[in-house]
Amino acid sequence: MTKLSETYVETIPFTIAYKNLPETSVITLDSIPKVNVRVSTHGFNLLAYFFQDKTYQLDFENNTSITNNNYIWLAEKGAYALKEQLGNSVKIISVKPDTLRLPFGTLSVKKVPVVLNSEINYVPGYDTLEGFEVTPDSVKVIGAVDEISKIDLIETQPLVLDEVRTDIDANIDLEFSSSSKHLKLSDNSVSVKATVEKFTEGTFEIPITLINLPKDLELNYFPKHIKVAYYLSLKDYKDIKPDDFKIECNYNDALKTGASFLIPKLIVNSKKVKSAKMKQSKVEYIIVK
């Protein structure tokens with residue numbers, strides 16, 4: 001115990017970890033650099049350091065300069081951070097090497113959308129109106145220009161859920177295994193959320209509206225109404241009215257194709273409707289005059 005209270009001089013090796021390295025820069029050294037810090041302190045302190053993480057966070061933003069495509073780190077600038085890490089009871093005698101030259105290359109950055117790869121099976125009568133919220137919805141791909149130019153999107157790992165009736169909240173890794181090991185992403189995973197609700201179906205008889213019909217032309221057409229089935233959240237069912245739907249038949253389309261019938265087009269004017277479909281796909285007509 002007496003010896004541990006005495007003052008000793010010892011060299012502590014620190015492995016360098018990179019902090020605040022710009023995302024467009026890559027250090028091209030073959031191995032991770034180290035610095036040897038020679039210190040003077042009591043034996044009790046030295047004993048503790050052998051059980052601590054001996055990693056020095058080299059701050060590129062505050063403790064380096066750039067010369068000829070090299071980041072330059074000087075021990076005299078990094079000594080303060082080392083001193084903070086070691087504590088006030090330790091005196092730094094020297095740092096070797098006193099200069100680190102870290103050669104770097106410059107990369108390109110391309111922002112691409114994230115595409116959710118999912119297979120979701122809901123309990124009958126349950127669904128999601130607004131779909132999935134993916135955060136972030138895009139990521140940066142960082143690498144050589146010729147490699148990132150081939151990438152237009154990044155898919156997630158498969159999200160497979162069955163018998164879903166409650167809200168979805170998951171973190172999903174991005175699928176990047178097929179890409180070059182020299183590329184990196186700004187994010188390696190995304191958050192996926194969706195509100196799951198009870199859904200129901202409703203129907204309306206919607207009148208047909210003819211458009212682009214010449215003023216001197218009169219048509220007789222059948223049917224005059226088409227049944228529309230729509231699918232929506234149960235809580236929104238009472239808010240939907242027939243006026244939220246419109247069915248149009250464009251006479252110009254029949255002229256262009258020479259068809260003897262009209263093709264109805266359904267227009268839905270409410271964002272509360274997840275899907276809707278007509279029960280009939282053709283409207284017969286004859287020219288009266």
For residues [X] and [Y]: do they belong to one hydrophobic cluster (side chain heavy atoms under 4.5 Å, members Ile, Leu, Val, Met, Phe, Trp, Tyr)?
| X | Y | answer |
| --- | --- | --- |
| L174 | I148 | yes |
| V123 | V164 | yes |
| Y237 | F245 | yes |
| V37 | L74 | no |
| Y231 | Y122 | no |

Would you confirm whether [X], through its side chain, and [Y], through its main-chain N or O, come within 3.5 Å as a donor-acceptor pair?
| X | Y | value |
| --- | --- | --- |
| D167 | T195 | no |
| K193 | F132 | no |
| T156 | D173 | no |
| K224 | Y221 | yes |
| N250 | N252 | yes |
| D253 | Y251 | no |
| D244 | K241 | yes |
| S118 | I120 | no |

Heavy-atom side-chain contact between [X] and [Y] under 4.5 Å:
| X | Y | value |
| --- | --- | --- |
| V114 | P136 | no |
| P97 | V35 | yes |
| I154 | E175 | no |
| V109 | T24 | yes |
| D236 | L129 | yes |
| T128 | F199 | no |
| N70 | I72 | yes |
| V192 | N171 | no |

Classify the side-chain pair [X]/[Y] by whether it contains a donor and acceptor separated by less than 3.5 Å.
| X | Y | value |
| --- | --- | --- |
| T11 | R38 | yes |
| Y71 | S25 | yes |
| S233 | E197 | yes |

Legend entry - side chain to side chain contact (heavy atoms under 4.5 Å, CB included) assessment of L266 paired with V228: CA-CA 9 Å; L266 175 62; V228 172; 4.0 Å; yes

How long is the straight-line distance from [atom2] of [Y] back to [atom1] of [X], given to the nearest 0.5 Å?
| X | Y | atom1 | atom2 | answer |
| --- | --- | --- | --- | --- |
| L217 | L210 | CG | CG | 10.0 Å |
| I172 | S189 | CD1 | OG | 9.0 Å |
| I226 | I247 | CD1 | CD1 | 4.5 Å |
| Q57 | N63 | CD | CG | 11.5 Å |
| L213 | Y285 | CG | OH | 10.0 Å |
| W73 | I16 | CH2 | CD1 | 6.0 Å |

Using a 6.0 Å cut-off, check whether atom [atom1] of [X] has over 12 heavy atoms from anything other than its own residue.
| X | atom1 | result |
| --- | --- | --- |
| Q280 | CD | yes |
| K34 | NZ | no |
| I267 | CD1 | yes |
| N68 | CG | no |
| K140 | NZ | no |
| K198 | NZ | yes |

Minimal non-hydrogen separation, [X] against [Y], with atom names:
| X | Y | answer |
| --- | --- | --- |
| I208 | C249 | CG2-SG, 3.7 Å |
| S281 | P264 | O-CD, 3.2 Å |
| A276 | V268 | CB-CG2, 4.1 Å |
| T28 | G105 | CG2-N, 3.9 Å |
| A254 | L262 | CB-CD2, 3.7 Å |
| A194 | G131 | CB-O, 3.7 Å |

Inset, instruction - Could you tell me whether D152 and K110 make a salt bridge, using a distance below 4.0 angstrom between a side-chain N and a carboxylate O? - result: yes

Inset, instruction - Answer yes when K282 and E284 have at least one side-chain N-carboxylate O distance shorter than 4.0 Å, and no when they do not. - result: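 No.
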
Inset, instruction - Report the C-alpha separation of L153 and V115 in whole Å, then their side-chain angles, then the decisive distance to 0.1 Å, and conclude whether the side chain to side chain contact (heavy atoms under 4.5 Å, CB included) test is met. - result: CA-CA 7 Å; L153 56 86; V115 176; 4.1 Å; yes

Legend entry - L185 vs V141, side chain to side chain contact (heavy atoms under 4.5 Å, CB included): CA-CA, chis, key distance, verdict: CA-CA 5 Å; L185 298 178; V141 185; 3.8 Å; yes

Legend entry - Close aromatic pair by centroid cut-off 6.0 Å: F60 and Y18: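 Ring-ring flag for F60/Y18: true, centres closer than 6.0 Å.
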
Legend entry - CA sep, side-chain torsions, deciding dist, call: N69, F104, side chain to side chain contact (heavy atoms under 4.5 Å, CB included): CA-CA 6 Å; N69 290 328; F104 70 93; 4.3 Å; yes

